[in-house]
2 protein chains.
Amino acid sequence: MKTPSCPAPSRREANRQSRREAIVDVAAQSFLEQGYAGTTMSAIAATLGGSKGTLWSYFESKEVLFGAVIERVTDAFRAQLSLILNPDDGVEAALRRFCEKFLRKVTSPEAIAIHRLVVGEANRFPEIGRIFYARAPQQTQRLLADFIEGAMERDELRRDDALTAARQLTALVMYGGHQQMLMGLIDALTPEAIEAEVDRAMATFLRAYAA
Amino acid sequence: MKTPSCPAPSRREANRQSRREAIVDVAAQSFLEQGYAGTTMSAIAATLGGSKGTLWSYFESKEVLFGAVIERVTDAFRAQLSLILNPDDGVEAALRRFCEKFLRKVTSPEAIAIHRLVVGEANRFPEIGRIFYARAPQQTQRLLADFIEGAMERDELRRDDALTAARQLTALVMYGGHQQMLMGLIDALTPEAIEAEVDRAMATFLRAYAA
DNA sequence: CAAAAACCGTACTCTATAGTACGAAGATAT
DNA sequence: ATATCTTCGTACTATAGAGTACGGTTTTTG
């Protein structure tokens with residue numbers, strides 16, 4: 001927790017905090033659905049029910065608000081994947097479950113929207129690319145790499161650079177349906193399609209990294 | 001050639017044609033550098049030296065012009081890769097050379113700019129995603145798949161679904177530096193980085209698809 | 001060379017939106 | 001209770017950019 005409950009939470013501070021969150025909520029929805037250019041501060045204020053002056057008293061500009069949205073949204077992206085990697089079921093089963101959950105997650109409508117936003121605005125806002133990468137792909141790769149490293153040390157996978165292996169596995173899983181969704185060719189992956197993608201990725205990965 | 005040199009190329013038609021191309025050139029540069037929202041029709045007209053009225057006489061709206069740019073730019077993307085896949089050097093050498101050229105290409109500044117544009121505007125312009133996908137990634141995969149299929153039939157690679165193998169190879173090559181460039185973490189790949197990426201991808205691919 | 005088409009420059013309309021100003025009304029603290 | 005801070009509503013400024021109008025000039029055609 002970083003929230004300073006130090007001297008006095010003070011009703012005012014609390015209100016301010018929750019108000020701020022409400023703003024970021026509404027803004028996030030709009031930015032994700034409409035993109036940066038398609039989002040207007042006036043619409044956000046209207047949806048909130050408040051006045052524009054109030055909105056500006058929380059965020060001094062659209063850009064700053066956008067930054068806050070990206071932080072919030074990448075945070076929500078992060079946690080949620082860690083519990084799954086349990087080596088007790090065997091490496092293959094653990095990896096397969098991880099891939100399924102991972103693929104479902106990155107092909108969710110929100111994840112696609114974030115991805116589009118980050119990539120599309122990487123020119124205008126160089127910071128957000130770094131923020132997003134550090135919090136989402138890098139986090140995932142590190143997690144997976146740790147697991148893979150363990151498996152390598154137990155000789156359940158061929159010994160090699162674990163981070164590379166992790167990246168390659170995510171690459172194999174993502175490059176099919178995910179890319180098509182990013183570019184708008186398809187709107188969603190059916191459960192069967194997810195199964196199939198994961199099967200293909202796992203087959204290739206295991207052949208390459210068999211002990 | 002689709003140009004109708006049928007009855008009379010007629011100076012007027014010729015001028016119109018080359019003028020149109022000049023417009024698309026200028027527009028492409030702006031769209032790629034500044035994005036859709038960051039590009040203004042007035043700026044394009046100014047760069048051209050012409051007047052706005054003329055610009056609108058060629059393209060009835062910004063959206064239409066954008067469509068023309070995407071077509072032009074994906075066309076330029078396409079051809080250029082095909083000559084390389086020569087099985088006489090041996091499958092491994094041929095694939096490695098292909099991967100190198102492919103990776104250099106998709107990490108070129110222009111390719112990154114196109115990719116960002118397509119992904120970033122996939123919501124607003126659902127068509128362009130389809131156009132781009134059909135002309136660039138799909139084309140490449142098909143080309144590579146044909147080569148791989150040949151190799152499989154000659155038992156130089158393990159027999160399996162060739163299209164899947166092709167997709168996986170491109171995934172393995174692209175997922176490192178390319179993704180980081182897309183998100184703005186790095187501005188370019190050094191030749192050494194390209195070598196390294198290709199080495200890693202090829203190693204994994206060949207292990208998985210050895211005959 | 002004349003008629004027709006295309007082009008130029010410039011000024012214009014219209015709309016959208018980021019951001020500001022301000023007085024009244026409401027909430028919070030002491 | 002009362003002084004202070006916050007919010008509301010609304011009206012406003014300022015800017016920017018898409019698309020239009022039009023009279024004069026150049027280019028193409030016959």
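Per chain, numbering begins at 1; letters A, B, ... match sequence-line order. These numbers come from the heavy atoms of this one structure, side chains and all, not from hydrogens, waters or symmetry mates.
When the P atom of C:dG9 is taken as reference, atom CH2 of B:Trp56 falls 16 Å away, rounded to whole Å. Between the CE atom of B:Met41 and the C1' atom of C:dT15 there is a distance of 17 Å, rounded to whole Å.
Scanning both residues, B:Leu32 and B:Ala113, for their nearest heavy atoms gives O-CB, 3.5 Å. Residues B:Ala151 and B:Val91 share a closest heavy-atom pair of CB-CG2, 3.9 Å. In plain terms, the two heavy atoms of A:Asn86 and A:Ala94 that are nearest each other are O-CB, 3.6 Å. Listed here is the closest heavy atom pair of A:Pro126 and A:Arg124: CD-O, 3.4 Å. Across every non-hydrogen atom of B:Leu157 and B:Tyr209, the tightest pair is CD2-O, 3.4 Å.
Residues from residues 60-67 of chain A that place a heavy atom under 4.0 Å from any atom of DNA chain C, listed by number: A:Ser61, A:Lys62. Taking every heavy atom of residues 30-40 of chain A and every atom of DNA chain C, pairs under 4.0 Å involve A:Thr39, A:Thr40, by number.
In this view, B:Arg96 and B:Glu92, B:Asp199 satisfy the salt bridge (Lys or Arg N to Asp or Glu O under 4.0 Å) rule, not counting sequence neighbours. Annotation: salt bridge (Lys or Arg N to Asp or Glu O under 4.0 Å) contacts of A:Asp89 (sequence neighbours excluded): A:Arg97.
The CG atom of B:Leu103 sits 10.5 Å away from the OG atom of B:Ser108 when rounded to the nearest 0.5 Å.
The ring pair (Phe, Tyr, Trp, His ring centres under 6.0 Å) contacts involving residues 40-67 of chain A comprise A:Phe31-A:Phe66, A:Tyr36-A:Phe66, A:Phe66-A:Phe125, where partners must be two or more places apart or lie in separate chains.
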What does the B/S/- profile of nucleotides 5-15 of chain D look like, 5' to 3', with a 4.0 Å heavy-atom cutoff to protein? B-SBB------
Evaluate the side chain to side chain contact (heavy atoms under 4.5 Å, CB included) criterion for residues B:Glu197 and B:Val173: first the C-alpha distance (whole Å), next the side-chain angles of each, then the deciding distance (0.1 Å), finally the verdict. CA-CA 6 Å; B:Glu197 297 261 7; B:Val173 174; 5.6 Å; no
